[in-house]
Each structure stands twice: as C-alpha cells, then as structure tokens.
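Here the structure is a predicted model, which means the values were calculated and not measured.
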Amino acid sequence: MDTEPWGDLPSIDPENSSNAISVHCDTIHDQEHQPRPLTFQRVVEVGRVVMVNYGPDAGKLAVIVDIIDHNRALVEGPTTGIARGAYAFRRLTLTPLVVKVPRNAGQARREIVNKAVKATKA
C-alpha cells in the first residue's frame, strides 16, 4: 500500500509503544487549549424572575418563591396576577433578572414578594 489512508500522520512503530505515546502527547501540547464557555448562564434560585411559557398564564412574568423539588417550583406573580402555585420547570423560562426575596418567602404572604419586586424596580 503506497498511500496512507490517514493522510500526513506520522508513522508509529507498533513495537515501540513509547514512540506512540510521545507522538500523541506532542500533538496535544502543540495545540492551544481554549477553555470551554459555561453552558448555563441562568440558575434556578429563589427570587429568579421567570416567564410562564405554557397554559393560561403564558407570557406573564412571575418570581420563584420556593423550590419544591428538581422538577417544580412555587411561583407567584404579584404584578401580573399569577396566583401562587406550583409550576413545572419545563413550563417556565428563566430570565436574567433576580429579585432579592427573603429566605422565608415560600411561607410568607404576598406582601413580602410584592415589596421585594417594587424594591428591585427602584
């Protein structure tokens, strides 16, 4: 066979395994390694502003008040009229906005969330 099927790759002696390792390591270190950018920029957290993307409240904004489990969150939209309730994360779109909501807002009344939203707008 006159031509190598792999093009201009260096020939490696199969009986000399150290030769194969050094060629492989040299090619890795010769290339510049660029760090990969983070995939996710928005994190599910209490106070995160979300947009409901399904159901009768589609298109309205709400705030995550508490995280129920890895599939659902307790959300409330004091300015958009969304009643406090459990929504699946697949029905929500995370926005880059975060409202400072106190830790006990999941058990608190609507006034606490409403006050936090108004304070953030100022």
- Message: Could you tell me if the side chain of Val63 sits less than 4.5 Å from the side chain of Val50, heavy atoms only?
- Response: no
- Please list all pairs passing the side-chain hydrogen bond (donor to acceptor under 3.5 Å, both in side chains) test where one or both residues lie in residues 51-60, with sequence neighbours left out. Asn53-Thr93, Asp57-Tyr87
- Note on the structure: In terms of heavy-atom contacts, Asp69 and Ile67 come closest through O-CG2, 3.5 Å
- Task: Locate the shortest heavy-atom distance separating Ile82 from Ala62; write the atom from each residue and the value.
- Result: CD1-CB, 4.0 Å
- Query: Does Arg48 use its side chain to pair, donor to acceptor, with the backbone of Ile64 at less than 3.5 Å?
  - Reply: no
- Task: Hey, could you give me the CG/CZ distance between Asp66 and Arg84, rounded to the nearest 0.5 Å?
- Result: 8.5 Å
- Query: Nearest heavy-atom pair of Ala86 and Leu74: which atoms, and what distance?
  - Reply: N-CD1, 4.1 Å
- Can you find a heavy atom in the side chain of Val98 that is under 4.5 Å from one in the side chain of Val49? no
- Is any side-chain heavy atom of Val75 less than 4.5 Å from a side-chain heavy atom of Val65? no
- Note on the structure: Across all chains, not counting sequence neighbours, the salt bridge (charged side-chain N to carboxylate O under 4.0 Å, His left out) partners of Arg91 are none
- Message: Filter on salt bridge (Lys or Arg N to Asp or Glu O under 4.0 Å), then keep only pairs touching residues 93-102, sequence neighbours left out; what's left?
- Response: none
- Message: I need the minimum non-hydrogen distance between Thr95 and Met51, along with the two atoms involved.
- Response: CG2-N, 4.3 Å
